[in-house]
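Keep in mind that this is a model prediction, so the values were computed, not measured. Chain naming here is simple, since letters A, B, ... match the order of the sequence lines and numbering starts at 1 in each. Any value given below was found using the heavy atoms of this structure, including those in side chains, with hydrogens, waters and symmetry copies removed.
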Protein chains: 2
Amino acid sequence: MELRLADRIAETLEGMILDGTLADGERLDEVQLAERFAVSRTPLREAFQRLALSGLVRQIPRRGVFVRQPGLAELVEMFEVMAELEAVCARLAASRITDDALAALEAANARCLSAVRSEDPDGYFTENERFHAILYRQSGNAFLEKECQALHRRLTPFRRLQLRLRGRMRQSMSEHETIVAALREGDARAAENATRAHVAVQGEKFHHLISSLKSDAV
Amino acid sequence: MELRLADRIAETLEGMILDGTLADGERLDEVQLAERFAVSRTPLREAFQRLALSGLVRQIPRRGVFVRQPGLAELVEMFEVMAELEAVCARLAASRITDDALAALEAANARCLSAVRSEDPDGYFTENERFHAILYRQSGNAFLEKECQALHRRLTPFRRLQLRLRGRMRQSMSEHETIVAALREGDARAAENATRAHVAVQGEKFHHLISSLKSDAV
DNA sequence: ATACAAGTTCTTGTATACAAGATGAATGAC
DNA sequence: GTCATTCATCTTGTATACAAGAACTTGTAT
């Protein structure tokens with residue numbers, strides 16, 4: 001027995017929702033999941049609370065909990081907010097970033113480049129995650145950092161799909177370079193705009209993914 | 001039976017934490033609160049989950065839950081994020097706002113004016129809430145609106161304290177006018193900057209409140 | 001006297017039992 | 001034959017019972 005079952009279950013369910021194992025609108029049966037995880041209903045219900053607060057699940061009183069995948073409209077809205085939040089991070093970071101962090105950003109982007117060359121989407125994804133994590137941190141605002149991480153995490157599966165678009169990885173890496181250059185110059189406005197554009201393009205081009213979603217499995 | 005007990009309890013506890021009835025670091029005893037609310041520990045624990053996710057409470061495994069009031073540094077960070085989020089709302093609203101909403105903003109600010117004249121802090125507070133709620137809505141981004149509402153709500157007690165500062169109500173109202181003017185002109189940049197400044201001043205001047213906190217009761 | 005250790009008690013985490021509302025089926029009326 | 005009503009069943013919401021870990025107390029040794 002690790003420590004709290006509810007935490008482990010919440011993480012597992014969250015992963016299953018994010019990776020699409022649990023389809024939109026699907027009902028999460030308490031007893032069924034309870035015996036599947038070999039626990040009682042109690043920790044499951046606590047996990048449901050957490051998922052509901054994160055917005056991954058909708059709780060209808062006396063009816064049950066249902067998976068709630070965001071629709072296209074909501075996804076566009078979420079990407080818009082993500083773009084603005086990251087833009088704020090970049091603007092603040094422009095004056096607050098450390099030399100070490102700048103080097104780390106460049107290193108992460110360099111590893112992005114090798115991932116592109118070796119056509120390794122997973123590797124690119126990982127280094128891209130690191131790049132953005134550094135950006136959040138260098139905003140110098142821990143609260144902002146946490147908010148960004150939360151939204152970033154929630155959008156993860158949809159960002160991952162983006163990498164399927166032809167040439168997206170290389171383009172994304174190039175945008176990273178623009179951001180780093182602006183940060184190095186200390187140009188807050190340029191860093192802000194470059195970052196907003198970098199993230200917003202994901203939301204704007206999201207309809208491209210819809211078609212690729214229909215032809216491919218997740 | 002009306003609504004879920006856990007919901008009612010969560011709201012009650014949230015109110016007690018926000019209005020300072022429950023002090024920072026105080027432990028929330030399950031059995032004690034259970035008999036106080038005349039319920040079992042089960043709905044209480046569900047309520048705790050919600051409070052923990054909102055950040056109002058910290059849950060330490062096998063130890064219990066403790067009230068977690070943000071410190072000064074964190075409050076400043078939260079106000080900074082609030083300023084940026086509202087600034088985004090204003091920028092987006094500049095092109096998306098409806099005539100009706102503009103009129104509603106002006107009406108709310110007019111009622112702010114009468115509250116100032118009759119020296120009615122509660123009335124001012126209420127109308128100020130309405131003003132900001134309209135701004136969030138007019139961003140045209142429902143997800144952003146919800147995020148703003150959540151953070152706004154969390155900062156409520158600290159914003160309320162701001163009104164004690166000499167002349168703050170009148171100044172705040174004047175800032176509202178600047179925002180509305182920019183929105184009416186459709187000047188996104190001006191609306192963004194005016195709104196950011198309007199909210200940021202609360203965070204920047206927060207140390208003023210600390211001293212007033214020490215001389216006055218809440 | 002102080003520090004450490006063992007046992008007791010108390011609190012949390014989990015499981016199970018119970019209650020109340022919701023869903024669906026079956027029966028009867030029109 | 002279709003619709004409504006009632007009853008049975010199922011599921012959620014709540015309470016209680018049980019298990020395990022943490023804290024406190026008490027006693028002893030240095």
Checklist entry - Just checking Val39(A): base, sugar-phosphate only, or nothing, at a heavy-atom cut-off of under 4.0 Å? => result sugar-phosphate
Next on the checklist: Once you apply a heavy-atom cut-off of 4.0 Å, does Glu30(A) come out as touching a base, just sugar-phosphate, or nothing?
Outcome noted: sugar-phosphate
Between [N] atom [atom2] and [X] atom [atom1], what is the distance in whole Å?
X	N	atom1	atom2	value
Asp7(A)	dT14(C)	CG	P	8 Å
Arg45(A)	dG13(C)	CZ	C1'	16 Å
Leu28(A)	dG13(D)	CG	P	13 Å
Glu46(A)	dT14(D)	CD	P	14 Å
Glu35(A)	dT16(C)	CD	P	12 Å
Leu44(B)	dT16(D)	CG	C1'	14 Å
Gln49(B)	dT12(C)	CD	C1'	12 Å
Phe48(A)	dT12(D)	CZ	C1'	11 Å

Could you check which of [options] has an atom nearest any side-chain atom of [X]?
X	options	value
Arg62(B)	dA22(D), dG13(D), dT11(D)	dA22(D)
Arg4(A)	dT12(D), dG13(C), dA15(C)	dG13(C)
Arg41(A)	dT16(D), dT14(C), dG13(D)	dG13(D)
Asp29(B)	dA15(D), dG13(C), dT11(C)	dT11(C)

Could [X] and [Y] be called an ion pair, given the rule that one side-chain N must be under 4.0 Å from one carboxylate O?
X	Y	value
Arg153(A)	Glu14(A)	yes
Arg96(A)	Glu145(A)	no
Arg196(B)	Glu192(B)	yes

Next on the checklist: What's the separation between atom CG in Leu183(A) and atom CD1 in Ile97(A), rounded to the nearest 0.5 Å?
Outcome noted: 5.0 Å
Next on the checklist: Tell me if the side-chain of Arg63(B) makes a donor-acceptor pair with the base of dG13(C), cut-off 3.5 Å, by modelled atom types.
Outcome noted: no
Next on the checklist: Checking base pairs now: Watson-Crick or wobble, both atom distances under 3.5 Å. What partners dT30(D)?
Outcome noted: dA1(C)
Item to check | Distance below 4.0 Å between Arg27(B) side-chain N/O and dT12(C) OP1 or OP2 | outcome: yes
Next on the checklist: Tell me whether the side-chain N/O atoms of Thr42(A) come closer than 4.0 Å to OP1 or OP2 in dT14(C).
Outcome noted: no
Checklist entry - Per the side-chain hydrogen bond (donor to acceptor under 3.5 Å, both in side chains) rule, which among Glu86(B), Glu147(B), Lys146(B), Gln149(B) passes with Tyr136(B)? => result Glu86(B)
